[in-house]
Amino acid sequence: MKLFNTLTRKKEEFNPIEPGKIKMYACGPTVYNYFHIGNARTFITFDAMRNYFEYRGYEVQFVQNFTDVDDKIIQQASKENLTPEEVSLKYIKAYFEDAESLGIRKADIHPRVTENIEEIIQFVKELIDKGYAYELEGDVYFDVSAYPNYGRLSKQSLEELKAGARIEINEKKRNPLDFALWKKTKPGEPYWISPWGNGRPGWHIECSAMARKYLGDTIDIHGGGGDLTFPHHENEVAQSEALTGKPFANYWIHVGYLNVDNKKMSKSLNNFFTPREINEKFDLEVARFFILSAHYRNPLNFSEESMESAQHGLERLYNARENWMYYLEKLPASSERDEEMMGQISGYEQRFIQVMDDDFNTADGISVIFEMVKTVNGFLGQKPGKEVLEKALEILMDQCDMLGLLQRKSSCETILESEIKELIKKREEARKEKNFVLADQIRDELKEKGIVLEDTPEGIKWKKI
Ligand code: AMP
Ligand code: ZN
């Protein structure tokens, strides 16, 4: 498998530290508001990447943080008349709701800054002890001049960086590039007690401290949106590598922007759409399909037309699934051309893996799925054997499931579900009338359909076996 590594600006063969296992960290949201579909592009990309690694047999440990203390949260708190903590809890809850509606699974761990203050303080202390950081009147700064590799990730020399740096008014730090690890508290802000007085962590330090705590000194993959390369990720590398003397992340992955009229979708430009707004017009699976239809590193323009065309594309996949399920019942057990057709179908499966292995090219992966759909639709008129269509259906479902698509139930499944519910109701009635023979008969009938019943305090539950 190959991945484009921002560290080397090259596609590289992907070799995790421990064969078969992947430690992956992605920078998560600052929880001061609902996230927009631009943020979602980054979240969906890492979610689908994680799924693909698992599809390829890797065991993935995935961590995505919540930045739950920040200037923006404090400002939002006064706007909403809430405490900063109430704001962050409200939008963490909203994150999980919106993520779920976009088919984004929960990470293995979602650490929060406020739950990791001790580790952050310890990290900062060690940086000071090692001479990489200094305290100034209650603030602590990372000393960029003490770390010779600064600029390696964003490929900028210290000179270039210095020329571009803004010197902010009232900045006490020694060098304009030095960045805050710990900020002295201001009146009315949340704070924690530290060796440097009351204060709170700077932004960058949280990811270094949490990645280390949950995944170890060196991780396989670290990612985020392209805007995080500098300064956020550059600063993370500096802090972590200064502290441990080991590489922080072996592969850095950055997601291209989701744009509106070729400008980055962002809160500050007020050109953003939240999943909640989009959901008024489109099923959110369409948004996921739209995002995965582009290569993750390319810019992608969001518009109503592009969402409509994604909707048509996704419908074609749903139609194929529906059609194939319908045909399945009508096909002969086997036919003469089965072997040749099976060969073609397996070819698509391999091709899918080949393009996805090449830097997670979901754009080409989805094209391969469409090619397979077209070919298999062509087979239908030639009465293939049942096995052929079963195989095609299995591949379609596996690949789409991995991408988080075709999650809506098929009408066959919906019909089956309503039949099951009807039988459960009949069985309940039979039991009420003490007709246990009939109740048992129905239970057996359901069992034949692969359905087992469970009596729970909330009533009867059923599951497929
Ligand atoms: P934030 O909550 O601003 O820290 O952003 C959460 C994640 O979304 C980060 O990884 C950002 O890089 C990413 N992000 C923000 N805007 C966009 C965009 N327009 N397109 C893609 N990713 C974005
Ligand atoms: Zn981060």
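Indexing begins at 1, ligand by ligand and atom by atom, following the structure's order. All values below come from the heavy atoms of this structure, side chains included, with hydrogens, waters and symmetry mates left out.
In this comparison of Ala40, Gly38, Ala26, the heavy atom closest to atom 18 (C) of ligand 1 sits on Gly38. When Thr42, Thr30, Asn33 are ranked by how near their heavy atoms come to atom 13 (C) of ligand 1, first place goes to Thr42.
For Glu85, the CD atom counts as loosely surrounded, since its 6.0 Å shell holds 12 or fewer non-hydrogen atoms of other residues, nucleotides or ligands.
Remark: Arg316 is positioned above the aromatic ring of Phe370, its terminal NZ or CZ atom under 6.0 angstrom from the ring centre and at most 45 degrees off the axis. Lys267 forms a cation-pi arrangement with Tyr32, by the criterion of a distance under 6.0 Å to the ring centre and an angle within 45° of the ring axis.
Among all non-hydrogen protein atoms, the one lying nearest atom 16 (N) of ligand 1 is Lys264 CE, 3.5 Å. Closest protein heavy atom to atom 10 (O) of ligand 1: Gly225 N, 3.0 Å. Given atom 6 (C) of ligand 1, the protein heavy atom at minimum distance is Asn39 ND2, 3.6 Å.
Not one N, O or S atom of His204 sits under 2.8 Å from the Zn ion (ligand 2). At a cut-off of 2.8 Å, His233 is not counted among the residues with an N, O or S atom near the Zn ion (ligand 2).
For ligand 1, the atoms lying closer than 4.0 Å to a non-hydrogen atom of Cys27 are 10 (O). Close approach of ligand 1 to Tyr257 (heavy-atom distance below 4.0 Å) involves ligand atoms 20 (N), 21 (C). Of all atoms in ligand 1, numbered sequentially from 1 with element shown, those under 4.0 Å from a heavy atom of His36 are 16 (N).
Ring-plane geometry between Phe302 and Phe273 is classed as tilted, the angle between the planes lying from 30 to 60 degrees on a 0 to 90 degree scale.
Rounded to 10°, the angle formed at the Zn ion (ligand 2) by Cys27 SG and Cys207 SG is 130°. For the pair NE2 of His232 and OE2 of Glu236, the angle whose vertex sits at the Zn ion (ligand 2) is 70° to 10 degrees.
In summary, Glu315 and Arg408 engage in a salt bridge, as defined by a charged side-chain N under 4.0 Å from a carboxylate O. A salt bridge is defined here as a Lys NZ or Arg NE, NH1 or NH2 lying under 4.0 Å from an Asp or Glu carboxylate O, and Arg200 with Asp71 meets this definition. In summary, Glu189 and Lys184 do not engage in a salt bridge, as defined by a charged side-chain N under 4.0 Å from a carboxylate O. Under a 4.0 Å N-O distance rule, the pair Lys213/Glu115 does not qualify as a salt bridge.
In terms of polar-atom proximity, Leu228 is not counted as a contact of ligand 1, lacking any N or O under 3.5 Å from an N or O of the ligand. Considering both main-chain and side-chain atoms, Asp227 comes within under 3.5 Å of ligand 1 through a nitrogen or oxygen pair.
The only member of Lys106, Arg105, Arg288 that meets salt bridge (Lys or Arg N to Asp or Glu O under 4.0 Å) when paired with Asp47 is Arg288.
At a 4.0 Å heavy-atom cut-off, ligand 1 touches Leu258 through backbone and side chain alike.
Residue Val255 places every heavy atom at 4.0 Å or more from ligand 1.
Asn271 places a side-chain heavy atom less than 4.5 Å from the side chain of Ser266.
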